[in-house]
Amino acid sequence: MEDKPQPFSILPISYVFLDMAMPQMNGLQVLQEIKRIYKAKNFKYKHVVIEEPVYIFLTGFSSEILEPTLKKAGVESCHMKPLETGELM
């Protein structure tokens with residue numbers, strides 16, 4: 001019988017998109033939990049160390065207010081919703 005896959009153990013994750021307004025946890029809380037998991041584990045995929053993903057926030061809140069907090073938390077960019085076509089390219 002095969003072991004059940006653990007979170008983050010199947011494929012490397014390059015980008016994580018988060019929203020500030022989510023049920024049960026806000027995006028910043030989710031970000032902190034993901035970072036805690038990455039820090040606690042030595043992730044490898046086919047003997048290659050997996051780097052922590054790039055974090056991108058999407059929000060309906062003012063990005064000017066959130067941006068300093070998110071940058072300090074390691075977020076690469078913050079975008080206001082709704083997004084324009086090609087804005088993330």
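As the structure is a prediction and not an experimental result, all values here were calculated from the model.
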| Rounded to the nearest 0.5 Å, how far does CD of Q24 lie from CD of Q29? | 10.5 Å

| request: Would you please name every residue forming a side chain to side chain donor-acceptor pair (under 3.5 Å) with K35, sequence neighbours left out? | output: E52

| Atom CE of M20 and atom CG of N26: how far apart are they, to the nearest 0.5 Å? | 4.0 Å

| Does some side-chain heavy atom of S14 sit less than 4.5 Å from a side-chain heavy atom of V54? | no

| field | Sequence-distant partners of D19, side chain to side chain donor-acceptor pair (under 3.5 Å), two or more places apart | value | K81

| field | Non-neighbouring partners of S77 that pass side-chain contact (heavy atoms from CB on, under 4.5 Å), sequence neighbours left out | value | I56, H79

| said: Measuring from atom CZ of F17 to atom CG of L58, what distance do you get when rounded to the nearest 0.5 angstrom? | reply: 6.5 Å

| remark: Taking every heavy atom of Y15 against every heavy atom of P53, the minimum-distance pair comes out as N-CB, 4.1 Å

| request: Drop me the distance from K72's NZ to L28's CG, to the nearest 0.5 angstrom. | output: 11.0 Å

| query | Between L31 and L18, is any pair of side-chain heavy atoms under 4.5 Å apart? | reply | yes

